[in-house]
Visitor: 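Can you keep this structure in mind? I'll have questions shortly.
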Amino acid sequence: MDCLHFILSIGLELNITEKQPLKPKFPNNDVTKQFIYVMDKVTGLYKNIKLSFGNNKDQIWQRIFSEFVRLGESMGFSWNEVEQAYFAKNKVNHERQANGY
């Protein structure tokens, strides 16, 4: 769930407002390949911003989010399960922060 948190945080930092998954670019049931694809897109976003081509950041971030959702599906999780696990983990994180963890 930490990966989802970081992806959403990046979206907030970039002022991305649309957070609906796109249709996956290619169907991939190989979890390792899907993970590598997601990481490649994160690297692409970093390079895009570093090189000041920020006009593509929305599209790149949207692809990252979409392919992360696909990664979860490749591992057998529905979006609802991912979302519920994220909220549960986020609650634990907030409790830890409140208690000086």
Side-chain angles (χ1 to χ4, degrees):
M1 293 308 93
D2 290 334
C3 287
L4 178 57
H5 175 79
F6 292 127
I7 290 169
L8 293 175
S9 294
I10 291 167
L12 288 173
E13 187 174 316
L14 296 175
N15 296 314
I16 307 290
T17 57
E18 183 64 38
K19 294 180 181 67
Q20 294 299 315
L22 302 172
K23 183 177 179 183
K25 262 198 164 172
F26 61 91
N28 191 353
N29 293 323
D30 184 320
V31 173
T32 301
K33 287 180 182 176
Q34 186 66 22
F35 179 79
I36 291 168
Y37 185 75
V38 171
M39 292 300 103
D40 181 59
K41 293 300 160 198
V42 170
T43 301
L45 178 63
Y46 172 74
K47 287 179 181 176
N48 188 286
I49 292 169
K50 188 174 181 181
L51 296 174
S52 299
F53 300 129
N55 56 343
N56 290 331
K57 67 179 172 47
D58 290 28
Q59 294 170 341
I60 297 169
W61 184 89
Q62 193 72 17
R63 178 59 50 204
I64 291 168
F65 181 71
S66 299
E67 297 300 338
F68 177 80
V69 171
R70 177 71 181 120
L71 177 61
E73 290 170 351
S74 296
M75 297 172 70
F77 297 104
S78 69
W79 174 247
N80 188 48
E81 290 172 314
V82 171
E83 188 177 49
Q84 293 304 312
Y86 169 78
F87 287 129
K89 177 71 161 77
N90 201 35
K91 181 179 176 183
V92 170
N93 288 345
H94 284 277
E95 290 170 359
R96 287 178 176 167
Q97 289 173 349
N99 295 314
Y101 176 75

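Along the sequence shown, the residues carry numbers beginning at 1.
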Visitor: Rounded to the nearest 0.5 Å, how far apart are CE of Met75 and CZ of Arg70?
Guide: 12.5 Å
Visitor: Starting at CZ of Phe35, measure out to CZ of Phe68 and round the result to the nearest 0.5 Å.
Guide: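 That separation rounds to 9.5 Å.
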Visitor: Show the nearest heavy-atom pair for residues Asn99 and Glu95, with the distance to one decimal.
Guide: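 Looks like ND2-O, 2.9 Å.
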Visitor: Calculate, to the nearest 0.5 Å, the distance between atoms CD1 and NZ belonging to Ile7 and Lys41 respectively.
Guide: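 Going from the CD1 atom of Ile7 to the NZ atom of Lys41 covers 13.5 Å.
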Visitor: Excluding sequence neighbours, so at least two apart, what forms side-chain contact (heavy atoms from CB on, under 4.5 Å) with Asn15?
Guide: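 Counting only residues at least two positions away or on another chain, Asn15 forms no side-chain contact (heavy atoms from CB on, under 4.5 Å).
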Visitor: Please report the C-alpha distance between Trp79 and Phe65 in whole Å, then the side-chain angles of each, then the deciding distance to 0.1 Å, and finally whether the ring pair (Phe, Tyr, Trp, His ring centres under 6.0 Å) criterion is met.
Guide: CA-CA 12 Å; Trp79 174 247; Phe65 181 71; 5.7 Å; yes
Visitor: How long is the gap from CG on Leu8 to CD1 on Ile16, to the nearest 0.5 Å?
Guide: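 Leu8 CG to Ile16 CD1: 11.5 Å, rounded to 0.5 Å.
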Visitor: Cluster question for you: counting only ILVMFWY and a side-chain heavy-atom cut-off of under 4.5 Å, with indirect links fine, are Val92 and Phe87 together?
Guide: no
Visitor: Report, as yes or no, whether the 6.0 Å neighbourhood of atom CE on Met39 holds more than 12 heavy atoms from other residues, nucleotides or ligands.
Guide: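 Check passes, neighbour count above 12.
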Visitor: So does Glu13 have more than 12 non-hydrogen atoms from other groups sitting under 6.0 Å from CD?
Guide: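 No, because the 6.0 Å sphere around CD of Glu13 holds 12 heavy atoms or fewer from other groups.
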Visitor: Grab the two heavy atoms, one from Lys89 and one from Asp2, that are nearest each other, plus how far apart they are.
Guide: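 So the minimum-distance heavy-atom pair works out to NZ-OD1, 3.5 Å.
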Visitor: Can you list the residues that meet the side-chain contact (heavy atoms from CB on, under 4.5 Å) rule with Ser9, with sequence neighbours excluded?
Guide: His5
Visitor: Could you check Phe77 against Gln84 for side-chain contact (heavy atoms from CB on, under 4.5 Å), going step by step and ending with a plain yes or no?
Guide: CA-CA 11 Å; Phe77 297 104; Gln84 293 304 312; over 6 Å; no
Visitor: For Ser74 versus Gln34, what's the shortest heavy-atom pair and its separation?
Guide: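 Here Ser74 and Gln34 meet closest at OG-CG, 4.3 Å.
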